[in-house]
Amino acid sequence: MKDFISELERQGELVRVSAAVDPVLEIAEIADREAKRPGGGRALLFENTGTEFPVIVNALGSQRRIALALGATPDEIAARIDTLFGKVLAPKYGLGEKLRMLPMLGEMARWFPKISKKKGECQQVVLRGEEARLSLLPVLKCWPHDGGRFVTLPMVNTTDPDTGMRNVGMYRMQITGERTTGMHWHVHKTGERHYRAWARHGGRMPVSVCLGGDPVYTYAATAPMPDNMDEYLLAGFLRRRAVRLVKCLTNDIYVPADCDFVIEGYVDPAEPKFTEGPFGDHTGFYSLEDQYPTFHVTAITHRRGAVWPATVVGVPPQEDFYIGQATERIFLAPMRFALQPEVVDLLMPAAGTIHNLALISIDCAYAGQAFKVASSIWGAGQMMFNKILLVTSAADGLRDMRTVARLMRNADLREDAMWARGVLDILDHATATPGAGGKFALDLTVGRADKQPFAPDVLTPPCWAESIDTSMAAEWGAVVLHVAPEAVCDAVEWLADSGLRDVNFLVLADPATRGLTPEELLWFVLAAVDPARDMRMHGSTLVIDARTKAPYRDGYPTRVPNVVVSDAATRALVDSRWPEYGLGDHIASPSERYAALVYGDGAEIKI
């Protein structure tokens, strides 16, 4: 970590903040402003946190810093994977071709993690028993309605009791006491599967949590690795050398020797779960309280001069967007080889918060191929969480948004749209059934003729809408009606009477979304819809009810979270102290833009 920090500083990618800054709310507000600079801003090293340890945030929050962390650009890594798959999977017809594989196999063997019998640098300082106090660590509270302080960049190490296979996942941890935290294992995640396996076996489940060290560990813990594939093997591949592992002091988990911190302990599956949350999440909304296991700390070890890594998530873009960008490039090759050879490119825009929106381009050879790809993608690894998928042809591409806009404007939604049902992210708050709901795919490979541009000045809003926005009609084929969440509306009748034509998308959105950029509006719309319930065809127009869902209505979720924003007191504090931080020209709080989207005072919406 210290080497990485030094390199970031040499490259002008890091700013040291020497002023005393509070890990409760203040650091997160500063980080949110910096992360939303064009290109992701800079990494921030807070040197005076009221504890022994500095805090680094936004360390991976740009394309350049991701490349510095991984030692290569994601495209260069993807090319390595392409070459590797090509060599391994190519037919071997003779002894000479097989022998030529030996050097490559020797190189691959060097990627596998290696166990050291010595103690690691992560064990230079050891705190056990009463000394192992979580209050010694500069753990952040990021947002005003968070349930407490959360460890936000933990690499949680567990093992399968049946196979011994290791999993390293990133699961947030709410501090609940000096030696207890929550363990936020979603039902779909490998950590939860290990937890259920330990519950069947009986006894305590050993868990060790690493922070810091080589930044490739942090990336590997977020990567969508296949189940039973070791994340430290991915780290070894990225770094071209084995990860050196050492045994923890109070359990049998092995962790990287060069981490900054290791929090050792256990989870007892026989123990009742506790109420964890809320937490201002990467969706830009709070994830609300739910039941999760308790992690008990038995030891804390760390390097001398350790640096505490943290990330702040909330309304995009944040640091996690750039990590996701790397993943879409690096894992494109395995997707092609193992799943869909016709896939050419993958894009997950920031507004989609990883799972809500994906664009895929394909080599299209026959009718219906886009829907075949969509069906396969929705059953593959973490792509099963995708909610809305746009499929373009390789000839059109997907990186030029003007081209994508033209394709969407010209699509015939009666022929080019597909609905399905399936697994969604547990954090998707639009669906009435947590973790399951509707999916929508749009085939943009057909190559429809250009439609006549729509003349927006002929439209007047219906009586149940507060206003109308036609600014996206000509380019995207979309019209937005601003409608209160509790309003009763009849879009079918209005469509019939309005003369609306050659407009593919009619979006109903909260009046508070007026003034948002198109990207911000897209984020809000994607988060608010369950395609099975909220997206309906009326003639040739797709009506999308993207209003905030009032939880008392039939078919709606029983709880709906608020948008994540900082409180006025924290914004005022950071404004007043901005010159002390040494970050350059003042940056206004992004929360000022989103405060109007909040209903009531709390993590949960009350309408």
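- Remark: Thr222 engages Met170, Tyr219, Ile323 in a side chain to side chain contact (heavy atoms under 4.5 Å, CB included) (not counting sequence neighbours).
- Every side chain to side chain donor-acceptor pair (under 3.5 Å) that Lys36 has, sequence neighbours left out, goes to Asp32.
- Proximity of a side-chain donor or acceptor of Glu604 to a complementary backbone N or O of Arg559 within less than 3.5 Å is not detected.
- For the pair Phe331/Met225, a side-chain contact is recorded, criterion being any heavy-atom separation below 4.5 Å from C-beta on.
- In this pair, Phe285 and Phe524 present their aromatic rings tilted. The plane angle is within the 30 to 60° band.
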Check your understanding: Could you go step by step and tell me if Phe279 and Phe150 meet the ring pair (Phe, Tyr, Trp, His ring centres under 6.0 Å) rule?
Key -> CA-CA 8 Å; Phe279 176 72; Phe150 283 82; 4.6 Å; yes
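- The closest donor-acceptor contact from the side chain of Thr403 to the backbone of Gly397 lies at 3.5 Å or more, if one exists at all.
- In this structure, Leu68 CG and Gln63 CD are separated by 12.0 Å, a value rounded to the nearest 0.5 Å.
- A salt bridge does not link Lys387 with Asp425: every distance from a Lys NZ or Arg NE/NH1/NH2 to an Asp or Glu carboxylate oxygen is 4.0 Å or more.
- In this structure, His186 and Glu192 have side chains that are not in contact, with every pair of non-hydrogen atoms separated by 4.5 Å or more.
- With hydrogens and angles ignored, the 3.5 Å screen pairs no side-chain donor or acceptor of Asp363 with any backbone N or O of Val344.
- In this structure the side chain of Pro557 never reaches within 4.5 angstrom of the side chain of Thr431, judged on heavy atoms.
- For the residue pair Ser393 and Asp396, a side-chain donor N or O sits within less than 3.5 Å of a side-chain acceptor on the partner.
- Partners of Phe440 under the ring-ring contact (aromatic ring centres under 6.0 Å, His included) rule, at least two apart in sequence or in another chain, are Trp419.
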Exercise for review: Mind running ring pair (Phe, Tyr, Trp, His ring centres under 6.0 Å) on His188 and Phe385 for me, showing each step along the way?
Suggested key: CA-CA 10 Å; His188 304 114; Phe385 300 128; 5.2 Å; yes
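- Using modelled atom types, no side-chain atom of Thr470 and backbone atom of Ala473 make a donor-acceptor pair closer than 3.5 Å.
- Leu444 is not listed as a side-chain neighbour of Leu398, based on a closest heavy-atom distance of 4.5 Å or more.
- Here the CD1 atom belonging to Ile360 is positioned 9.5 Å from the CE atom belonging to Met348, to the nearest 0.5 angstrom.
- One N or O on the side chain of Trp523 and one on the backbone of Thr283 form a donor-acceptor pair closer than 3.5 Å.
- Using a 4.5 Å cut-off on side-chain heavy atoms (C-beta onward), Leu346 and Leu359 make no contact.
- Ion pairing of Arg329 with Asp75 is present here, as a side-chain N (NZ or NE/NH1/NH2) and a carboxylate O approach within less than 4.0 Å.
- Asp345 and Ser361 share no side-chain donor-acceptor pair at under 3.5 Å.
- A distance of 6.0 Å separates CG in Asp545 from SG in Cys489, rounded to the nearest 0.5 Å.
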Practice item. Evaluate the side chain to side chain donor-acceptor pair (under 3.5 Å) criterion for residues Glu29 and Thr570: first the C-alpha distance (whole Å), next the side-chain angles of each, then the deciding distance (0.1 Å), finally the verdict. Key: CA-CA 7 Å; Glu29 171 64 10; Thr570 301; over 6 Å; no
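- The residues Glu592 and Arg571 are annotated as salt-bridged, a charged nitrogen and a carboxylate oxygen being separated by less than 4.0 angstrom.
- Side-chain contact between Leu526 and Ile388 is present, with heavy atoms from C-beta onward closer than 4.5 Å.
- With rounding to the nearest 0.5 Å, the separation of OH in Tyr292 from NE2 in His184 is 3.5 Å.
- Going from atom CG of Leu25 over to atom CG of Leu140 covers 9.5 Å, rounded to the nearest 0.5 Å.
- Atoms CD and CD1, on Gln325 and Ile66 in that order, are 9.0 Å from each other to the nearest 0.5 Å.
- The residues Glu475 and Arg402 are annotated as not salt-bridged, no charged nitrogen and carboxylate oxygen being separated by less than 4.0 angstrom.
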